[in-house]
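First the structure, in the form of structure tokens, and then the observations on it.
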Amino acid sequence: NAEAKRDLASAKDALSRGQELRKKGAEAYAKKSAHDEASIKAMSSAIKSLKSGKGGSFLESSAADTIRSLSLSRELSASAREVLSSFLSGASTASTAEEEDDADGEAAPSTDEVVGLLSQMRETMERDLKDAHAAEKRAKADFQSMADAKANQIDALVRTSESTASRVGALAEELVNQRNQLDDTQKGFVEDTAFQS
């Protein structure tokens, strides 16, 4: 019975820890997913603005701040980071590769170059987000499987404990009845012996 109680406590503890880990995992996923979705939306907005020739107005938007943050936090090559930095600092973008040299003789990123870079970043983030969705789905299924198994284990342990308690109670009652019968038999024997004497 002590072993069953330990097993029951262990199963309940494992289920509780699993629930806490799943909660933390779901919160982390929700945060990352929301961040990635906002980043993808910002990149789509930038691409649309650049393609329509409204890159300057985009730089004044909150989406530009998101891309600024991404340009610092994402793993990018030095040249890609420089293209984004130049674009985000407000340097005018040339609409074609032939127009890349600005008045100072420094190379300004072409619109096509910035659009290509943002498109590539967006595709990578979309793929990462898709992978995160799949991982979250697997984590939910794995947790549910574990939770179901632990719930079944807890149920079985409770039934075993109740059954054991019921058997112990029945045995205790039978023992009391047998003691009463023994007492009655002993009294009868004493009375019979006294009567025969």
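What's counted below: heavy atoms across the whole structure, side chains too, no hydrogens, waters or symmetry copies.
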Between CG on residue Leu118 and CD1 on residue Ile40, distance to nearest 0.5 Å: 12.5 Å
Non-hydrogen side-chain atoms of Phe87 and Glu113 separated by less than 4.5 Å: no
Interatomic distance, Ser89 atom OG to Leu84 atom CG [nearest 0.5 angstrom]: 10.5 Å
Thr66 to Ala38 - nearest heavy-atom pair and separation: CG2-O, 4.3 Å
Any donor-acceptor N or O pair under 3.5 Å, side chains Ser44, Arg122: yes
Any donor-acceptor pair under 3.5 Å from Ser119 side chain to Val115 backbone: yes
pair Met43-Ser39: side-chain heavy atoms closer than 4.5 Å: yes
Reported OG-to-NZ distance for the pair Ser49 and Lys51, which is rounded to 0.5 angstrom: 11.5 Å
Shortest non-hydrogen separation from Glu37 to Leu129 and the atoms involved: CG-CD2, 3.6 Å
Residues Asp13 and Arg17 bridged, charged N to O under 4.0 Å: yes
Nearest-0.5 Å distance that lies between atom CZ in Arg179 and atom CD in Glu174: 12.0 Å
Under-4.0 Å salt bridge between Arg22 and Glu27: no
Straight-line distance of Gln178 CD to Leu171 CG, nearest 0.5 Å: 9.5 Å
Pairwise distance CD(Glu75) to CZ(Arg81) - rounded to 0.5 angstrom: 9.0 Å
For Ala42 against Ala63, the heavy-atom pair lying closest together: CB-O, 3.6 Å
Check: Ser33 and Asp36 side chains under 4.5 Å, non-hydrogen atoms: no
Residue pair Asp128 / Arg74: nearest heavy atoms and the distance that separates them: OD2-NH2, 3.6 Å
Contacts of type salt bridge (Lys or Arg N to Asp or Glu O under 4.0 Å), residue Arg127, not counting sequence neighbours: none
Common cluster, Val158/Leu15, ILVMFWY with side-chain heavy-atom separation under 4.5 Å: yes
Minimum side-chain heavy-atom gap Asp183-Gln186 below 4.5 Å: yes
Donor on one side chain, acceptor on other, Asp148 and Gln144, under 3.5 Å: yes
Check ion pair Asp142-Arg138 (N to O, under 4.0 angstrom): no
Main-chain N/O of Val83 paired to Ser86 side chain as donor or acceptor, under 3.5 Å: no
Residue pair Asp7, Thr160: steps toward the side chain to side chain contact (heavy atoms under 4.5 Å, CB included) verdict: CA-CA 11 Å; Asp7 290 346; Thr160 299; over 6 Å; no
Lys150 versus Ala14, closest heavy-atom pair with distance: CE-CB, 3.9 Å
Within 6.0 Å of NZ in Lys41, more than 12 heavy atoms from elsewhere: no
Side chain to side chain, Met125 and Leu70, heavy atoms closer than 4.5 Å: yes
Heavy atoms from other residues, nucleotides or ligands near CD of Glu173 exceed 12 (cutoff 6.0 Å): no
Enclosure of Gln19 CD (heavy-atom neighbours >12, cutoff 6.0 Å): yes
By salt bridge (Lys or Arg N to Asp or Glu O under 4.0 Å) - contacts of Arg68 (at least two apart): Asp65
Derivation and outcome, side chain to side chain contact (heavy atoms under 4.5 Å, CB included), residues Lys5 and Leu157: CA-CA 8 Å; Lys5 286 181 181 180; Leu157 289 167; over 6 Å; no
Leu88 to Ser71 - nearest heavy-atom pair and separation: CD1-OG, 4.0 Å
Cluster check Tyr29, Met146: I/L/V/M/F/W/Y, side chain < 4.5 angstrom: no
